[in-house]
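Down below is the structure, laid out as structure tokens.
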Amino acid sequence: MKKEKGFFITLEGGEGTGKSTQVAALAAFLEDKGLDVVVTREPGGTPEGEAIRNLFTQRTDDMEWSPMAECLLMFAARSMHIEKTIKPAMNAGKVVICDRFTDSTRAYQGYGHGLDLSDIEIIRDISIQSFAPDLTFILDMPVEIGLARAKGRLADDGTGEDRFENMALDFHNRMRDGFLDIASKHRERCVVVNAGRDIDEISKELRDVAAERLGIA
Ligand code: TMP
């Protein structure tokens, strides 16, 4: 029996896999079905978390966060996010949809940047214990396509973000393999979605799975 009421859905995947579009489409569908939906993201979801997001995404040339420091920042933001936003919404019976969560730390800081996966689990255990999504969609596509999309999107957005500049292709491939490995270890929770298809086809798959898991199909 679940401790919280409500339902917690996360979307995961590499850069440019279309998570944000799919988060919005899934939220609209569930709201249409009469459910109360909260959309949020990581890092972020609280003022404190958004401040950490700014630290993380708008780095200057003289900054180089270690994978451990990144991991600690992510879990600092995440613990605030769970206590201030996610749990209260779930306790009120709402469906929470979050763009990235702990699997991103595993994939980016762990599989991508080489931080020991068991160290990540120790930090997870201390900061958020066993709190985990009820359902996770992992949007999967070849990294070359995702990166080309993401670069195009950030090119003129004026935020000064240059986080793709130094990220090598093999880093992204390790991360992609990492997400697939996570999915194979958490088969109950994770659904791998082919994100290289038409947007509407992907949305339909997410709607169908979510509706079934929520018992509203
Ligand atoms: P995005 O959600 O807009 O893709 O941007 C967030 C960035 O932060 C993205 O590059 C992935 C990265 N990230 C991590 O490295 N570790 C994490 O735990 C999370 C949540 C995000």
Side-chain angles (χ1 to χ4, degrees), residues 8-24 26-27 39-46 48-59 63-82 85-86 96-117 119-128 131-133 136-141 143 145-155 157-169 171-179 181-182 190 195:
F8 183 30
I9 302 173
T10 57
L11 271 76
E12 297 278 8
E15 313 291 340
T17 50
K19 287 180 292 86
S20 311
T21 306
Q22 294 302 335
V23 164
L26 185 59
V39 170
T40 186
R41 68 173 180 180
E42 290 212 346
T46 62
E48 297 81 359
E50 290 295 328
I52 289 177
R53 183 186 185 88
N54 288 339
L55 270 180
F56 191 76
T57 54
Q58 299 187 12
R59 42 188 103 188
M63 286 189 198
E64 201 182 331
W65 297 99
S66 69
M68 175 55 87
E70 287 187 351
C71 176
L72 292 167
L73 283 175
M74 293 302 119
F75 278 104
R78 189 162 298 133
S79 73
M80 297 296 299
H81 194 197
I82 292 168
T85 307
I86 300 174
V96 177
I97 305 178
C98 189
D99 189 333
R100 299 195 182 282
F101 200 66
T102 302
D103 295 325
S104 277
T105 312
R106 294 179 174 124
Y108 279 76
Q109 280 66 50
Y111 292 88
H113 289 305
L115 187 61
D116 197 311
L117 295 174
D119 284 350
I120 295 176
E121 299 310 322
I122 291 168
I123 293 162
R124 175 195 50 73
D125 200 33
I126 293 168
S127 55
I128 68 165
F131 190 87
T136 297
F137 292 108
I138 293 183
L139 302 193
D140 178 64
M141 63 160 49
V143 299
I145 301 173
L147 280 178
R149 281 195 195 175
K151 277 182 178 156
R153 195 182 57 215
L154 286 178
D157 74 351
T159 62
E161 290 193 24
D162 64 348
R163 49 185 146 114
F164 302 115
E165 209 73 354
N166 299 315
M167 288 191 186
L169 211 56
F171 164 81
H172 288 278
N173 275 313
R174 281 200 302 280
M175 222 172 54
R176 180 188 185 194
D177 292 344
F179 274 125
D181 198 37
I182 292 165
C190 296

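Order of appearance sets the numbers: ligands from 1, and atoms from 1 within every ligand. All values derive from a computational prediction rather than experimental measurement. Every heavy atom of this structure was used, including side-chain atoms; hydrogens, water molecules and symmetry mates were not.
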Evaluation steps, salt bridge (Lys or Arg N to Asp or Glu O under 4.0 Å), between Arg106 and Glu121:
CA-CA 9 Å; Arg106 294 179 174 124; Glu121 299 310 322; 2.7 Å; yes
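In this structure, the separation between CG on Leu11 and SG on Cys98 is 9.0 Å, given to the nearest 0.5 Å.
Those atoms of ligand 1 with a heavy atom of Glu42 less than 4.0 angstrom away are 2 (O), 20 (C). Distances below 4.0 Å separate heavy atoms of Gln109 from the following atoms of ligand 1: 14 (C), 15 (O), 16 (N), 17 (C), 18 (O). Near Ser104, meaning under 4.0 Å from one of its heavy atoms, ligand 1 places the atoms 16 (N), 17 (C), 18 (O), 19 (C), 20 (C). Counting atoms of ligand 1 from 1 in the listed order, those under 4.0 Å from a heavy atom of Thr105 are 17 (C), 18 (O). Counting the atoms of ligand 1 from 1 in the order shown, those under 4.0 Å from a heavy atom of Tyr108 are 10 (O), 11 (C), 14 (C), 15 (O).
When ring centroids are compared, Tyr111 and Phe179 stay outside the 6.0 Å threshold.
At least one N or O atom of Arg53, backbone or side chain, sits closer than 3.5 Å to an N or O atom of ligand 1. Inclusion of Glu15 in the set of residues having an N or O under 3.5 Å from an N or O of ligand 1 is warranted. Below 3.5 Å of separation, one finds no N or O of Asp99 facing any N or O of ligand 1.
Using a 4.0 Å cut-off between charged side-chain N and carboxylate O, Arg174 and Asp177 make no salt bridge. Checked for salt-bridge contact, Glu42 and Arg78 meet the test: a charged N lies under 4.0 Å from a carboxylate O. A salt bridge is absent between Glu12 and Arg176; no separation between the charged side-chain nitrogens and carboxylate oxygens falls under 4.0 Å.
Between Arg41 and ligand 1 there is no heavy-atom distance shorter than 4.0 Å. Taking a 4.0 Å cut-off on heavy atoms, Arg78 registers as neighbouring ligand 1.
Counted by atom type alone, Ser20 and Asp99 present one or more donor-acceptor pairs between their side chains at under 3.5 Å.
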